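This report concerns only the one structure given below.
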Protein chains: 2
Amino acid sequence: MNHSSSHAREPLNVDKLVEAAAKLFRQQGYAATTTRQLSGDLGIQRASLYHHISTKEDLLFEISIRSLTQIIDAVSSAVDAAPPDQRMRTLISAHLATALSGQDMHATMLIELDHLSSERRAAVVAKRAAYERLVGREVGQAQAAGLLRGDLSERQLTLALLNLLNWTIFWYRPDGADTPTSLAAWMGDVFLLGAEPR
Amino acid sequence: MNHSSSHAREPLNVDKLVEAAAKLFRQQGYAATTTRQLSGDLGIQRASLYHHISTKEDLLFEISIRSLTQIIDAVSSAVDAAPPDQRMRTLISAHLATALSGQDMHATMLIELDHLSSERRAAVVAKRAAYERLVGREVGQAQAAGLLRGDLSERQLTLALLNLLNWTIFWYRPDGADTPTSLAAWMGDVFLLGAEPR
DNA sequence: GTCTATACTTCGATAGAC
DNA sequence: GTCTATCGAAGTATAGAC
């Protein structure tokens, strides 16, 4: 049950490596994070890292793909299980719950894309586009059902929604005033009902 | 009128340095940008940089302070010149116009804060807080005037608005479908009126 | 699977001439 | 105010023993 000590040497696996890397990448940025810090935090020597990965970039790629797989799976299954008139609110709360539970990975994925090789960057860009299409599809269906206004385009509503959700990841602190659940409630209110009185 | 050639050697000043640095910092991140690239883009030798600045960090600090000074001045004067019922829409369009006209500087200011020394970071944090208070004050006054709903807190409406505005800086491209003006119009619509039909 | 030791590269910044 | 030349520190990754 000793989670804090670096002496309790449980077997090191890639999951632990990815988690520690995401924390550092988010705090300091990918480029400023050194393999010395990473191995230090894990309680191993630098050279031991290279038994599990072959370059530092592997970690950034793994973080990016995992965070996108997570949010795509979580949001699409949550939305599909929701009643038709609750799909948008369900999307908002599933997105925030997932992104904020893996905040280090998600923030890193959103901001460090340019440090990947071109092949890997293309793979991450494609996966991000797939998620954004998923959100766009929900918006479009809600518009067709009359649940969202039709005088703005699907693209405009989708971009506004993603703005609202994505920037949250950069300022949210778990010890602050909000939980992911409370956040989803009032952000849903602002997005769906607007800031002017109804 | 030769703006593109590095042979037309106009006198180099700190403004040009800051501009070139902001472009690189946004494209590659502060930590990954080298003084070799910067001097190369400016058509001078590395050592010549240090006649104008003393460290690379000076440039990041200058970028952060300048972008915040710009947006505080632009938004507060625009809002003060607007009729009471147009202050929120004016804030949105002034914010977007300013931030997107200095997109490299603003994106850098928003994302690279942690690479400043603690004293300089504190100065930038304070200035960012001042801007956010300015926005919060507008939101609070609009609530008091009945122009914005009172069943959400000033803090919630302000955070939602800043989310909407700030993340835009990271995906907006001047050659895309939107101008800062058109963007401000539909983002104002989403924020003020909401995504559901009225 | 982790270690010690190190090869090799690139970095920010400085010295001092012109 | 820009140059040539270089310093010392720090980086990623590898070699090879255990």
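What you see is a predicted model, and the numbers here were worked out from it, not measured in a lab. Proteins get letters first, then strands, A, B, ... in listed order; numbering begins at 1 in each.
For A:Q45 and D:dA17, the CD to P distance is 18 Å, given to the nearest whole Å. Distance CZ (B:R46) to C1' (C:dC11): 9 Å, rounded to an integer number of Å. We find that NZ of A:K16 is positioned 13 Å from P of C:dG1, with the value rounded to whole Å. As rounded to whole Å, 14 Å separates atom C1' of C:dT14 from atom CD1 of B:I53. Nucleotide C:dT10 holds its P atom 12 Å from the CD atom of B:Q37, rounded to whole Å. Counting to the nearest Å, the P atom of C:dC3 and the CG atom of A:L42 are 11 Å from each other. Here the P atom of nucleotide C:dA17 and the NE2 atom of B:H51 are 18 Å apart, to the nearest Å. Between A:L60 atom CG and D:dT12 atom P there is a gap of 13 Å when expressed in whole angstrom units.
A salt bridge is defined here as a Lys NZ or Arg NE, NH1 or NH2 lying under 4.0 Å from an Asp or Glu carboxylate O, and A:R149 with B:E196 fails to meet this definition. Remark: A:R173 does not engage A:D175 in a salt bridge, criterion side-chain N to carboxylate O under 4.0 Å. Ion pairing of B:K16 with B:D41 is absent here, as no side-chain N (NZ or NE/NH1/NH2) approaches a carboxylate O to less than 4.0 Å.
Between C:dT14, D:dT2, C:dA13, one nucleotide has an atom nearer to the side chain of B:T55 than all others, and that is C:dA13. Across C:dG12, D:dT6, C:dT4, the shortest atom-to-atom separation from the side chain of B:K56 is found for C:dG12. The side chain of B:R36 sits closest to C:dC11 out of C:dC11, C:dA13, D:dT12. In this structure, of C:dA5, C:dT2, D:dT12, it is D:dT12 that holds the atom nearest to the side chain of A:T34. Each of C:dC3, C:dT6, D:dG1 was ranked by its minimum atom distance to the side chain of A:A47; first place goes to C:dC3.
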- Task: Take B:Y131 and B:H95 through the test side-chain contact (heavy atoms from CB on, under 4.5 Å) and record every step on the way to the result.
- Result: CA-CA 11 Å; B:Y131 179 64; B:H95 178 116; 2.6 Å; yes
- Which is it for B:D151 and A:R198 under the salt bridge (Lys or Arg N to Asp or Glu O under 4.0 Å) test, yes or no, and what are the steps along the way? CA-CA 11 Å; B:D151 62 332; A:R198 289 238 166 198; over 6 Å; no
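One finds a side-chain N or O of A:T35 lying less than 4.0 angstrom from the OP1 or OP2 phosphate oxygen of D:dT12. Of the side-chain N and O atoms in B:H52, one or more sit less than 4.0 angstrom from OP1 or OP2 of D:dT2. Residue B:S48 places no side-chain N or O under 4.0 Å from the OP1 or OP2 atom of D:dG1. Between A:Y50 and D:dT14 there is no side-chain N or O to OP1 or OP2 distance below 4.0 Å.
Taking the six-membered ring where the residue is Trp, B:W167 and A:F170 present parallel rings, their angle staying beneath 30° rather than reaching 60°.
One finds the CG atom of A:L12 at 4.0 Å from the NE2 atom of A:H52 (value rounded to the nearest 0.5 Å).
Backbone-only engagement by A:T33 is indicated by non-hydrogen atom pairs under 4.0 Å involving sugar-phosphate atoms exclusively.
Of the residues in residues 20-32 of chain A, not one places a heavy atom less than 4.0 Å from an atom of DNA chain D.
For the salt bridge (Lys or Arg N to Asp or Glu O under 4.0 Å) with B:D104, the lone residue among B:K23, B:R26, B:R66 that qualifies is B:R26.
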